[in-house]
**Student:** 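Have a look at this one before I ask anything.
Each chain gets a letter, A, B and so on, in the order the sequences are listed, and its residues count up from 1. These figures come from a predicted structure and were not determined experimentally.
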Amino acid sequence: MQVRVTVGGGRLTGVVVVRTPSENERDREIAGYAVPVLTSETLTAQSAQIDTVSGATYTSEGYVRSLQGALDRAHG
Amino acid sequence: MGDRAGAGGLPWRHAEPVMGTVVSFVLRHRPTPVLRAALADAVALLHEADRVYSPFLPDSAVSRLRRGEPGRADAPSEVRRVLELCERAHSRTRGAFDAWADGRPDPCGLVKGWAAERAWRVLREAGATDVCVNAGGDVRVGGAPGPAGVWRTGIADPRRPGRLLAVVAGRDHAVATSGTAERGAHIVDPRTPAPATGLLAATVTGPELLWADVYATAAMVLGAAEAHRWIVSKPGYALLAVAADGEARQSRAGAESSHPQAWMIADAIPIASPSDKHPQWPGTP
């Protein structure tokens, strides 16, 4: 996969996929570790397909209103 | 719709309140007796880590150590091992991670990631190859969430609660985030010592949750510029830092870096995965 990085005002504003990878073993292997990819639009819970959420450590009370809490409840 | 209503009740989820937070498990396996026992072991391991290492419980091994009873040499071997990891964390982070910041041992900045990594390994060794453990926002994944997909971890936007800043996708890796969004400026720069306020959040990805977690905490202390220079000396680890002014920057191990491997890894991430292979967010049509 190739990405095009957009820079505006000295900051990274977007990453666009130019070419997607083939589903071969090497791609799978090097996809084993990952780095974050900033997207050009705001990702909302509704538009992003995610399995889990990483963020600042929540308390057990904070969990209830966290995205991860909502995800766990939704999948019960 | 994919896994959510998949055959056999896959995936199988559990959320456990422990260590002052909640640890969420996703297993893409049938809940066999063997895996149920492994999950119980993983959960027990987390509670045991809480009992032994919490500085908030007066009878924990760490609380006794902090009172000087007994001395470190007499502490249980596992406690000594964790303190050794804390020393390694101190040297690997240029002193930004310091379990002795107040002069007494407090490994709790390292224990959650260490314990979650071990819990993940307990499940994996029991045969749960496709599993995700999320310890209060610090994530360890293995295998895949579906037959053809990769795990996708949303990174919470520290400025806009309920929204995501980025998505990390991959198979076997860890994602840890430190930040001020949930509990304020609670990370202290052990070198000053004042609260670290240069960054709103720091997310580190890499092969092990123990180190991703330590490095994310250290990045908060180091600040964006120094943290980005420092992280390239950690093979396999990458940083996404959100500065106090909202600027988000991710490490790009490219021409300027001695570790071009990380650049290749970034290039290999599928941003858009097959939609029907992943659990969907509530409200998604």
**Student:** With a 4.5 angstrom heavy-atom cut-off, could you sort out which part of B/Ala176 is near chain A: side chain, backbone, both or neither?
**Tutor:** backbone
**Student:** Using a strict 4.0 Å threshold on nitrogen-to-oxygen distance, state whether B/Arg28 and A/Asp51 make a salt bridge.
**Tutor:** no
**Student:** What verdict does the side chain to side chain donor-acceptor pair (under 3.5 Å) test give for A/Thr52 and B/Thr153, after you've listed the backbone C-alpha separation in whole Å, the side-chain angles of each residue and the deciding distance to 0.1 Å?
**Tutor:** CA-CA 5 Å; A/Thr52 192; B/Thr153 299; 5.6 Å; no
**Student:** So which of B/Ser24, B/Ala202, B/Ala181, B/Ala15 has the largest heavy-atom pair count under 4.5 angstrom toward chain A?
**Tutor:** B/Ser24
**Student:** Side chain from CB out, backbone as N, CA, C, O: work out which of these in A/Tyr58 comes under 4.5 Å of a heavy atom of chain B, or both, or neither.
**Tutor:** both
**Student:** I'd like to know whether A/Ser60 forms a side chain to side chain donor-acceptor pair (under 3.5 Å) with B/Thr21, so could you lay out the CA-CA distance, the side-chain angles of the two residues, the decisive distance to 0.1 Å, and finally the verdict.
**Tutor:** CA-CA 4 Å; A/Ser60 41; B/Thr21 184; over 6 Å; no
**Student:** Measuring from B/Lys112:NZ to B/Leu210:CG, what's the distance to the nearest 0.5 Å?
**Tutor:** 12.0 Å
